[in-house]
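In what follows, a structure is listed as structure tokens, so that the remarks can point back to it.
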Amino acid sequence: MGALLELQGLGKRYGAVGNGWALHDVTLSVAAGTVHCVLGENGAGKSTLCNLVNGGVRPTTGDMSVQGTAYRPGSPADALRRGIAMVHQHFSLIPTMTVRENLQLVRRRALGDRLDRIADEFGLAVDPGRRVGDLPVGARQKVEIVKALLPDPDLVLLDEPTGVLDVAEIDALIGTCQAIAGSGRAVVLVTHKLGEVSRVADAATVLRHGTVVGGGLLSEVPVPRLLSLMLGRDAGELDADAASAVGLLPGGSTRGRAGRAGRAGATALSARNVHSGSGAETALGARNVLSVRGLTVHHPDGSPAVVGVDLDLRAGEITGIAGVEGNGQSELVRVLSGALRPTAGTVRLGDDDITSATPAARTRAGLGVVPEDRHREAMVGELSVAENLLLAELGRSGGRFRRRGMLQRAAMDAAAASVIEDYAVRADGPRAEMRSLSGGNQQKIVLARELAIDGLTVLVAAQPTRGLDFGAVASVLARLRGAADRGVAVLVVSSEVGELLTLCDRILVGYRGRLLGPVETTDPTAADRVGTLMTGTAA
Amino acid sequence: GSGDVGPGSDALKVGVFFPGSVSDTGFMQSGYLGYQRLEQAGGVELSYVEQLEASDYEQALVRFASQNDLVVSLGGQTDADVRKVAPQFPEVKFVEIGGPADAPPLPNLAYYDPQQAEAEFLSGAVSATVSSNGTVGFVGGVELPAIVNAAHAFGNGARFAKHDATVLPPQYVGDFNDPAKAKQAASATYGAGADVLGQIVNLGKQGMAQAAQEGGKSMVGGPIPGDCGDPRFVGYVHTDIGKEIEYAVNAVQSGTWAAQQVRFGLTSGNGGTDFVLCSTDPTVAATLQRAEDQLAAGAVQPY
Amino acid sequence: MTLLTQILVSGIGFALPLLVAAVGELVSERAGALNLSLEGMMLSGAFCAVLGSVTTGSPWLGAVAGVLGGLLLGAAQALLSVRALADQIVVGIAANALALAASTFGARLVFTGGTEVPAFDRLPIPVLHDIPVLGPAVFSQTALGWICVLVVVVTAVLLGPRTGRGLRIDATGEDAVAADRTGLPVRRLRALCILLTSAMAGLAGAQLALSEVRAFSDNMTAGIGYLAVVAVIAGRWRAPGTALAAVLFGLAQALQYALPALGVAVPPALLTMIPYAIAVVAVSGLAGSSRAPSCLTVPFARA
Amino acid sequence: MTTRLLHPATVAAGAVVAALLVGVLLAGLAGADPLTTVSALVEGMVGTPYAIGESLNGVAVLMLVAAGFVIAYRAGLVNVGGEGQLCAGGIAATAVGTGLPAGTPAVVALPSVLIAAAAAGFAWAAVPAALRAWRGTSEIITTLLLNFVGLALVTLVVHEEGLLRQPVTSSETLPQSAPLVDGAHLPSLGLPRSPATIAVAVAVVALVAVGIVLRRTGTGLRLTALGHAPAAAARLGVPVARTRFLALGGAGAFAGVAGGMVVATAPAVLAEGFTSGYGFSGLVVGLLARGSMTALAAVAVLLGFLVSGGINLQLVAGVPATTVSIVESLIILFIAGSAAWAARRRAAARRPAHRPAGAPVETVGATR
Ligand SMILES: Nc1ncnc2c1ncn2[C@@H]1O[C@H](COP(=O)(O)OP(=O)(O)OP(=O)(O)O)[C@@H](O)[C@H]1O
Ligand SMILES: Nc1ncnc2c1ncn2[C@@H]1O[C@H](COP(=O)(O)OP(=O)(O)OP(=O)(O)O)[C@@H](O)[C@H]1O
Ligand SMILES: [Mg+2]
Ligand SMILES: [Mg+2]
């Protein structure tokens, strides 16, 4: 089959970032009837590539052609006219409208028939009557994909669609991709997970720092080779965390923290895990630092989101919450962070009732939170890295960054620079705008900030590795582990079961607003038990 | 600057301040007509400024005062600023037209009082006489003293002509220059039974005339006399503000200028108030004449 | 005509231009564009309508000119706020000042003396017009008035929230980024909505000038444009509510002038506040819920 | 095109010159020759210490309203309500300033009047602020609406005897307030032959203070964070609702003080129309300045001085008042339009030259 999409020397330059090239001299061809994966670390230029093809961003250099004719899209609408549709990770459904209304924006005539056909052909069924804002994330993602398929495009660009999906949904998505390719169309799939690549891709392209470093048909370039290309080093050096993060080792080979601790120091990334040991853990573990009792939260529409949840976090222990998205995990975290008022129940931190405390008061009391929605809740993109790191600290009286009320920029920069170095953040210095960083680097900054809270006793991290490349994943996981080793009680909410199994001491499962479990990760059947609980089989 | 007098000549320099628009078909425009007559006559060096925000009144007055021998300011809304600026320029003569009629003049500030009320007395008399049902009403722009007094005078005039005339409560549009609202105010008054209306609004008149047309009713025009061919108008009051500017210039030129309250109108002998009757009915003309005579003689008070 | 009929007639007369402008503005606001320049669009429409009517002698061509006059300002608003990403509010305020000054300037150049304006006459609908009280108020509009009603209904129906176009407009105003990614031409949609709004505002100005007042006078819209924006807010961004608000405002205004005739004295300033106070309550959520389109006044540009 | 040519100041200057050219053209239509027009304009703006002082007083009011606007804008709130807040400030200042005993010394009278004005401005803005902070109602809409209520309120209080109308001694008593007591009048700055009052000093101090707070303090950073990402700001310890309330209320207080100062400037009476559109102009200044205090001062000076220039244009060159306002509004439109355009060109200018022909340029996602 011929090339559907061809890119010739495509480049995109932004004024401010580093040498400015987000994408440089990319030449690439996507054949009809194939699934073409685009791989790369955070900030490698994958989204930029998709956005260029989709007309959301105009190229600085280079040419594109679709089915052999020149293609110069000025807008996503142009792209659609040329048969190219894109699924974005964020912001492309109108939350206040129903699913049907959202789909009608693309196509009105015979919408029902078309939906039926999409359901048949690709196994994607949606409930048209629901308001999008009320749907769980996974369901929204499905609507996004249906929306992209509505105009019957020749090429579908999927930018990291699997981040918010559970295992079953990912399977379905892979089926959908194959069905699309099977019908003579093509899919460009952006992902960090090589496991998915090996299951679905016909061809792959690897980006590093904005340039193509390799790729080709999967029959010619096997997955381990892709991995080395992404890493820029030999795949053999990959540690288990990272391997599980990219989906090569489903479930993680070494289970639980106890097991991991035994290998402490074996890899550079977990080298900080110094004073761990089961003895120390048990001693610290005796102390409940955060306890939640009878917590109930309702959605704005009145339906229950969290129902009578009890939860105890113990110092030095990592508790995981697994579960399909939309089972109350997000709301639980938002209640803990103070962004949401519960309908009933209490949250106690140490001896204090913090149920209705402000986020600032919680921070003062030693509660750190890494929110799920990074762009909205965790960072201010327009402020600098230093400001994002230190803003909360400025609130407290007499911070070391203020003299006579004035900010001490030099001191702030110095402090931020040391964090940047410490966490190996790729940024244009402490004054770089937060939004100019790639997702993984943004996440590192957020984590660094929360870990630096004075007297941190509890850390709640929601989907801390979502959308991160494996280097970043490993580093984030190591930091969380390090915090626990310092005696912090850590709660990790994640849809990556494998990641939780390697990281946590015990795992709870969110199901219909309740927490099921716990499952001890040292238990050899832990993975299966978590899987069962996720489908709602009561524990 | 205009007038056919070159700078540097010893012609009298006069600055006229119109805080409103000189095309308002009312008070300001009537004054501007006088300004234009002076311009045509020549012999004085004239300049004017129109349409400023309240915060800029003072600045305009100061500029005039520093360049002219005589400064004329129109409208009571400038009173506070005129009273403030005049003392700073003792050698310049100031005239305020339409300010409060009971304000004490300053050594270099005279008040000229156009007797709009007298004109409205006549307007009321004519209105009541031509009215078929003896019901009349009055529409005013803003509830300013001069307008309120004129409204009273209108009622008194109506009762003077027809002692059993029904005078509806006056309407205040809240704006001299809003034709849509003026139309509503007029319609409401017609709707309440009036068939002739007196008025002191400026651009609002367009709306009133339309209300009269739609209701098949009539009204009194003015202050600038218009066309008697228009059947909606029974007549026009003629309050000539321009005459007062001319008077001020003459007074200064002839050395008779004095810091005092000067009344214009029928009772003063200074003229400036008149009524242009469109009706050819002799009884109406007779009533108008009677009202004019009685007013001039001081036998009746307009308000 | 009874007073009640009179109130209805003049209330609806005032409400009609308000309604056309408000329903037009509603379309823009749903697409995320706030046109404070609505006032200027109406004024420009009124000026051009009268200019067109006077020069061609045909009120119909005048009405067309009025629409074009509105479009002129709409094009400026669209160009600056959609294309150049200038702040909508700044553009709106400055455009109003521009329209006021330019139309006043133009009126002085071209409308000198009492030019007769060819205008529209009322076309009562037989039978319906004779319905007591309501008939004369509702079923006796000018030809242009009927067109206004038609345009309002057609706009409300064709661009209603359930139609395809309506959905696209709502999507653009609710989340412009998502709409863009969906393939909607966000900027073009917004520009078109603004142009539609301005054409309707021009029509409203023409209706005001050629049906209601039958003349042009400086600043003759005197805040109706702002009131139309308020009607959209009080109507909670839906056509029926907006229409209701516009009619209510018109009637309230008429009632304001009927009160004195009924012997009720309320300070007019107090009544002036009422529509705005109603609108504040309507948006505050104190009575029911309401939300402005999320992207109202937020310019859109692709990152 | 070089980046320097696209500097905001250059662009703004270009916009002003373009608008003035249109003005000269229009003035020519009205029969004034270009030279007279330009010299009259310049003479009017800066020709006499009096004109300068008078303009400065206007500039001070604009700067205060705009500075307040910027505070709220930083927090992501657009205060369209300057006009109404000026009204509230003016009314409160009058109530206090006419209520004080005649001999009240300035040290007492002046602060009381201005504090009352600030409090009233704050209170007037507090309604939309509270609705925004705790109910999420768009402040653009509510502040806009309250302008009309405020303007009507001024009309009401100066017409009603029981309220602030001066004692009605005859049927000739104008509907305006009595003058404020002497002690409440704003003292002159003391410049020779200049009517500039301490309002100018107050405004400059306020401007500098706002600039410092926004740029160099934690408060400024918190406001900025709130403006860009409210949810993240909450996470970072910013009390969102309270900060929003205070920011918009603060904007109101600034406008209120400005209103108080307008009333406390001779002739020191409250009358209909006393706001003279300063509320809307202040908003325009605040928005055109795009967050820079220097730009804010420059735009305020430009607009403030143009008024004097305009008066002189009428006087000396016989240019109609309408032409002057046409030019003023064109200046605003040209600056507003070209600023965003130039920002995009600036971004483009930093790109390499071999950009494919015809490829348009991007902007960084602009939100309000
Ligand atoms: N609008 C922009 N302005 C400046 N720099 C940008 C812009 N968009 C992207 N970049 C930069 O371009 C580079 C590539 O970003 P891109 O989003 O394509 O990465 P990615 O591979 O999708 O990363 P991730 O896996 O985190 O989604 C990054 O360094 C990013 O900071
Ligand atoms: N205005 C900007 N300035 C600088 N960098 C930016 C800007 N916008 C985006 N970026 C960078 O570009 C990258 C992509 O942004 P975003 O988070 O929207 O990507 P994504 O989630 O991968 O994309 P999409 O939502 O299109 O799927 C981020 O890493 C971010 O740092
Ligand atoms: Mg990406
Ligand atoms: Mg991403």
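These figures come from a predicted structure and were not determined experimentally. We name chains A, B, ... by the order of the sequence lines, and we start the count at 1 in each one.
A search for ring pair (Phe, Tyr, Trp, His ring centres under 6.0 Å) contacts involving D:F245 returns D:F122, D:W134, not counting sequence neighbours.
Expressed to the nearest 0.5 Å, how far CG of D:L221 lies from CZ of A:R402 amounts to 11.0 Å. Atom-to-atom distance recorded for A:M406:CE and D:T217:OG1 is 6.5 Å, nearest 0.5 angstrom. Expressed to the nearest 0.5 Å, how far CZ of D:R242 lies from OG1 of A:T358 amounts to 8.5 Å.
Only the side chain of A:E450 comes within contact range of chain D, with heavy atoms under 4.5 Å apart. With a 4.5 angstrom heavy-atom cutoff, A:A339 does not touch chain D via any of its atoms. In this structure, chain D has no heavy atom under 4.5 Å from any part of A:R362. Of the two parts of A:L367, only the backbone, made up of N, CA, C and O, holds a non-hydrogen atom closer than 4.5 Å to a non-hydrogen atom of chain D. For A:R449, the part lying near chain D is the side chain, with the backbone staying farther off; criterion is any non-hydrogen pair under 4.5 Å.
Identified by a heavy-atom distance below 4.5 Å to chain A, the contributing residues of residues 201-216 of chain D are D:I212, D:R215, D:R216, in residue-number order.
Heavy-atom minimum distance, D:A234 versus A:P359: O-CB, 3.1 Å. Contact between D:G218 and A:L407 at its shortest, heavy atoms only, is N-CD2, 3.7 Å. The shortest heavy-atom contact between D:A231 and A:E377 is CB-CG, 3.5 Å. Of all heavy-atom pairs spanning A:V380 and D:A229, the tightest one is CG2-CB, 4.1 Å. Here the closest non-hydrogen pair linking D:R222 and A:L391 is CG-CD1, 3.9 Å.
When the candidates D:L236, D:T224, D:L226 are compared by the number of heavy-atom contacts under 4.5 Å with chain A, D:L236 comes out ahead. Comparing D:G237, D:A232, D:P239 by heavy-atom pairs within less than 4.5 Å of chain A, the highest count is held by D:A232. In terms of non-hydrogen atom pairs under 4.5 Å with chain D, the most contact-rich of A:L383, A:N388, A:V369, A:V446 is A:V369.
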